[in-house]
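Comments concern the structure below.
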Amino acid sequence: MTVSYSIQPRRLPEPRAMLRLIKPITWFPPIWAYLCGSVSSGVPLSGNWGMVLLGMVLAGPIVCGMSQAANDWCDRHVDAVNEPDRPIPSGRIPGRWGLYIALAMTALSLWVGSLLGTWGFWATVAGVVAAWAYSAEPVRLKRSGWWGPGLVGLSYEGLPWFTGAAVLLQAAPRFEVVMIALLYAFGAHGIMTLNDFKALEGDRQHGVRSLPVVLGPEVAAKIACTVMGMAQALVVPLLVLWGKPLHAAGVFAVLVLQVAAMRVLFRDPKGKAPWYNGTGVVLYVTGMMISAFALRGLA
């Protein structure tokens, strides 16, 4: 006699899978950029820590978490090839729950953004629009190896930096702050390109034209590192021009260390990309904070 058992599919999301869906590991860049923006504003942080911390939570767990949930929902077919153990393709977040979580966090983002005043709210609107434009049809900018990483770099580094300064100032940040934020956002295009290495096969099958897919890992790695290096190489003379030579020297020093790490990356771009994201990127964000303190001294 044969006894058969049937496993009933889940009806509710698994709690641990919900946390994995919003990817806490991705929260650091926008949180750090928001803190850099707050520092660069020149406004004393003492007495404003409530607004600073709220903005960091908004930039990281809420808006970035929302963007990850939206991306995983829109990418569920690609992830079934690249990473079938992810929460949605594995069934641990069943049905349309991935979409419902992304929509609920979109609403939460806008509400929390409104608590940061006019500048905080409209910056949040921009971040939410960018998140959905990146992942969702018919726009789905992630299909482009140029527009997709550029939008993510702007959303992860430039927009939070601008917002952190604008919220404390309750006004548009000065030119120098905006310029440095844009340069680091431009450089983040390279970071996002390296992040695409892990999804090569699924991207090929589903028409996502990332730079590693279109140009190959070797060329894509060289372009990514060139972009990151160029951005920081422009920051250095600007800081000198603005009378901050010691800070410029600090940014130059971390750039030199990144160049050494890039040489290791070029030996095996696909295999070493995760390693570089854990070393070179740390140096990159260190330069961001050095630059933020330089800008603070200009206030």
Side-chain angles (χ1 to χ4, degrees), residues 23 25-26 28-33 36 64 82 134 141-161 179-204 208-240 247-292 294:
K23 300 183 186 67
I25 197 172
T26 67
F28 174 75
I31 288 174
W32 187 255
C36 287
C64 183
N82 287 326
Y134 176 77
L141 290 177
K142 75 173 297 176
R143 283 180 300 208
S144 166
W146 297 106
W147 289 105
L151 180 64
V152 175
L154 185 64
S155 301
Y156 272 43
E157 305 293 2
L159 183 61
W161 188 313
M179 179 58 90
I180 295 299
L182 286 175
L183 282 172
Y184 277 108
F186 172 71
H189 186 291
I191 298 174
M192 302 309 160
T193 295
L194 293 178
N195 192 53
D196 286 337
F197 278 54
K198 68 179 185 296
L200 268 169
E201 291 306 318
D203 286 351
R204 283 196 186 104
V208 177
R209 295 177 58 80
S210 68
L211 293 188
V213 168
V214 175
L215 302 176
E218 291 77 15
V219 175
K222 290 177 181 177
I223 291 175
C225 291
T226 299
V227 170
M228 285 186 279
M230 283 178 55
Q232 296 167 89
L234 290 171
V235 169
V236 172
L238 285 176
L239 294 183
V240 172
H247 295 83
V251 174
F252 181 75
V254 296
L255 176 57
V256 169
L257 293 174
Q258 286 171 73
V259 170
M262 289 171 185
R263 295 182 66 182
V264 176
L265 171 68
F266 292 156
R267 295 173 196 162
D268 178 16
K270 186 176 179 181
K272 291 293 186 180
W275 171 83
Y276 187 86
N277 281 335
T279 53
V281 173
V282 171
L283 294 168
Y284 186 90
V285 300
T286 299
M288 289 174 59
M289 188 57 76
I290 294 171
S291 300

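Residue indices begin at 1 and follow the sequence shown.
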query = Quick one: does Leu265's side chain get under 4.5 Å of Leu194's, heavy atoms only?
reply = yes

Ring pair (Phe, Tyr, Trp, His ring centres under 6.0 Å) filter on Phe28, not counting sequence neighbours, yields Trp32

Between the CE atom in Met230 and the CG atom in Leu255, the distance rounded to the nearest 0.5 Å is 12.0 Å

When every non-hydrogen atom of Pro217 is compared with those of Pro269, the smallest separation belongs to O-CB, 3.6 Å

Those residues at least two apart in sequence (or on a different chain) that pass ring pair (Phe, Tyr, Trp, His ring centres under 6.0 Å) with Tyr284 are Tyr184

Nearest heavy-atom approach of Ala188 to Gly153 is CB-CA, 3.7 Å

field: Test item: His189 side-chain N/O and Trp146 main-chain N/O as donor-acceptor pair under 3.5 Å
entry: yes

Side chain proximity check, Met262 to Lys222, heavy atoms < 4.5 angstrom: no

Residues passing the side chain to side chain contact (heavy atoms under 4.5 Å, CB included) test with Val282, sequence neighbours excluded, are Thr286

For Leu215, the side chain to side chain contact (heavy atoms under 4.5 Å, CB included) test, sequence neighbours excluded, returns Leu211, Val219, Ile223

Got a donor-acceptor contact below 3.5 angstrom from the Thr26 side chain to the Lys23 backbone?
yes

Across all chains, not counting sequence neighbours, the side chain to side chain contact (heavy atoms under 4.5 Å, CB included) partners of Pro29 are Tyr156, Glu157

- prompt: Is there side-chain contact between Phe186 and Val227, with heavy atoms separated by less than 4.5 Å?
  reply: yes

OG1 of Thr279 to CG of Leu257, rounded to nearest 0.5 Å, is 10.5 Å

I'd like to check Cys225 versus Phe266 (side-chain heavy atoms, cut-off strictly below 4.5 Å). Are they in contact? yes

Heavy-atom nearest pair, Pro160 first then Ser155, reads CD-O, 3.0 Å

Closest non-hydrogen contact found for Cys36 with Ala292 is O-CB, 3.4 Å

One should read off an interatomic distance between Met179 CE and Ser291 OG, to the nearest 0.5 angstrom, of 13.0 Å

Scanning both residues in full, the closest heavy-atom pair of Met192 with Val152 reads SD-CG1, 3.4 Å

Contacts of Leu154 meeting side chain to side chain contact (heavy atoms under 4.5 Å, CB included) (sequence neighbours excluded), chain-then-number -> Leu182, Ala185

CD1 (Ile290) and NE2 (His247) are apart, to the nearest 0.5 Å, by 8.0 Å

